Amino acid sequence: MEDLKVGDKLYNVGQNGFGDFYRYSFSEVVRLTKTLAVLENGVRLRNKPIRSLINDEIGYALAKNRWVYWHIVSDEILRKAKKENEMIAIHDWFRDRSFNFLEKTMIYNIFKEKGIL
């Protein structure tokens, strides 16, 4: 468990209720003080690694809220975030769109071709 260094990339994940998608935030350490790490988005973290009681991962707590953690970015997290962002985009596209009859027919025919209906 090491303290953060300038250039370390971190992420935080949040959710608006149990049914919501995971929303990933990414940032990078740009400045260090004696006890804090400041991220490029202005978030201040305690520069002391701590094991999360929720998911048992090593994280860095917010300076003013010890229950919110940021974690070091990994390739696995980048893949998960990309997949989750795609699901959010698809959901938002369908939510914000109303289909005319021609578009509904096209969608129906695609589903029919794929054997989904």
Side-chain angles (χ1 to χ4, degrees):
M1 296 196 317
E2 296 182 15
D3 290 350
L4 293 169
K5 302 175 291 300
V6 172
D8 283 348
K9 295 180 183 350
L10 295 127
Y11 77 95
N12 174 272
V13 63
Q15 200 176 13
N16 293 328
F18 292 111
D20 190 30
F21 296 102
Y22 293 111
R23 313 251 178 203
Y24 289 85
S25 301
F26 293 91
S27 196
E28 183 176 332
V29 177
V30 292
R31 190 166 51 93
L32 297 171
T33 68
K34 191 174 184 179
T35 59
L36 298 176
V38 181
L39 304 181
E40 66 185 347
N41 62 1
V43 171
R44 297 176 349 151
L45 304 174
R46 296 170 193 263
N47 196 4
K48 198 69 163 166
I50 187 167
R51 188 168 299 280
S52 171
L53 298 173
I54 298 169
N55 60 8
D56 205 37
E57 291 182 9
I58 302 299
Y60 299 85
L62 286 180
K64 294 190 176 193
N65 185 347
R66 292 178 186 236
W67 298 104
V68 177
Y69 299 99
W70 283 70
H71 305 277
I72 300 290
V73 172
S74 67
D75 289 340
E76 178 186 355
I77 289 302
L78 292 174
R79 282 190 297 275
K80 284 182 179 181
K82 184 178 178 183
K83 183 177 178 183
E84 196 74 15
N85 287 339
E86 184 178 344
M87 289 178 7
I88 292 169
I90 292 167
H91 177 269
D92 291 349
W93 187 82
F94 275 98
R95 182 195 63 210
D96 298 337
R97 180 129 172 110
S98 60
F99 297 100
N100 61 34
F101 186 74
L102 178 62
E103 293 168 328
K104 289 178 182 179
T105 303
M106 290 169 53
I107 293 169
Y108 175 82
N109 288 333
I110 291 170
F111 274 70
K112 191 174 172 184
E113 284 175 18
K114 300 281 184 187
I116 298 173
L117 295 179

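Everything numeric in this text was worked out from a predicted model, so none of it was measured. For the numbers below, each heavy atom of this structure counts, side chains included, while hydrogens, waters and symmetry mates do not.
Asn109 CG to Lys112 NZ: the interatomic distance, rounded to the nearest 0.5 Å, is 6.5 Å. Between the NZ atom in Lys83 and the CD atom in Glu86 there is a gap of 9.0 Å [rounded to 0.5 Å]. With rounding to the nearest 0.5 Å, the separation of CD in Glu28 from NZ in Lys9 is 3.5 Å. We find the CD-CD1 distance between Glu2 and Ile58 to be 11.5 Å, quoted to the nearest 0.5 Å.
In this structure, Tyr108 places its OH atom where only 12 or fewer heavy-atom neighbours from other residues, nucleotides or ligands lie under 6.0 Å away. Taking a 6.0 Å sphere around CD of Gln15, one finds it holds more than 12 heavy atoms contributed by other residues, nucleotides or ligands. Arg66 CZ: 12 or fewer foreign heavy atoms inside a 6.0 Å radius. Under a cut-off of 6.0 angstrom, the local environment of CZ in Arg31 is sparse, with at most 12 non-hydrogen atoms contributed by other residues, nucleotides or ligands.
In this structure, His71 contributes its side chain and Glu57 its backbone to no donor-acceptor pair below 3.5 Å. With hydrogens and angles disregarded, no donor-acceptor distance shorter than 3.5 Å links the side chain of Asn85 to the backbone of Lys82. Side-chain atoms of Asn12 come within 3.5 Å of backbone atoms of Tyr69 as a donor-acceptor pair (strictly under, hydrogens ignored).
Using a cut-off of 4.0 Å between Lys/Arg side-chain N and Asp/Glu carboxylate O, Arg23 and Glu84 are scored as not salt-bridged. Under 4.0 Å is where a charged nitrogen must lie from a carboxylate oxygen, and between Lys80 and Glu76 at least one such pair does.
Taking every heavy atom of both residues into account, Ser25 and Trp70 meet most closely at O-CZ3, 3.7 Å.
Proximity of Leu39 to Val29: side-chain heavy atoms (C-beta onward) are separated by under 4.5 Å at one or more points. Looking at heavy atoms from C-beta onward, Lys104 lies out of side-chain contact with Asn100 at the 4.5 angstrom threshold. No side-chain heavy atom of Tyr11 sits less than 4.5 Å from a side-chain heavy atom of Leu78. For the pair Tyr60/Asp3, no side-chain contact is recorded, criterion being any heavy-atom separation below 4.5 Å from C-beta on.
Listed by chain and number, the residues in a ring-ring contact (aromatic ring centres under 6.0 Å, His included) with Phe99 are Trp93, Phe94 (sequence neighbours excluded).
Linking ILVMFWY residues whenever their side-chain heavy atoms come closer than 4.5 Å, directly or via other members, places Ile107 and Ile116 in the same cluster. In the hydrophobic clustering of ILVMFWY residues, with side-chain heavy atoms under 4.5 Å counting as a link, Met87 and Tyr22 come out apart. Hydrophobic clustering of Ile, Leu, Val, Met, Phe, Trp and Tyr side chains at less than 4.5 Å, counting indirect connections, unites Val6 with Ile72. Linking Ile, Leu, Val, Met, Phe, Trp and Tyr whenever their side-chain heavy atoms come within less than 4.5 Å puts Phe111 and Ile90 in one cluster.
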Donor-acceptor list for residues 41-50 side chains, cut-off 3.5 Å, not counting sequence neighbours:
residue	atom	partner	partner atom	Å
Asn41	OD1	Ser27	OG	3.4
Asn41	OD1	Val43	N	3.2
Arg46	NE	Leu62	O	3.4
Arg46	NH2	Ala63	O	3.0
Asn47	OD1	Leu4	N	2.6
Asn47	ND2	Leu4	O	3.4

Exercise. Going through the distances and angles, do Tyr24 and Ile77 end up as a side-chain contact (heavy atoms from CB on, under 4.5 Å)?
Worked result: CA-CA 9 Å; Tyr24 289 85; Ile77 289 302; 4.2 Å; yes

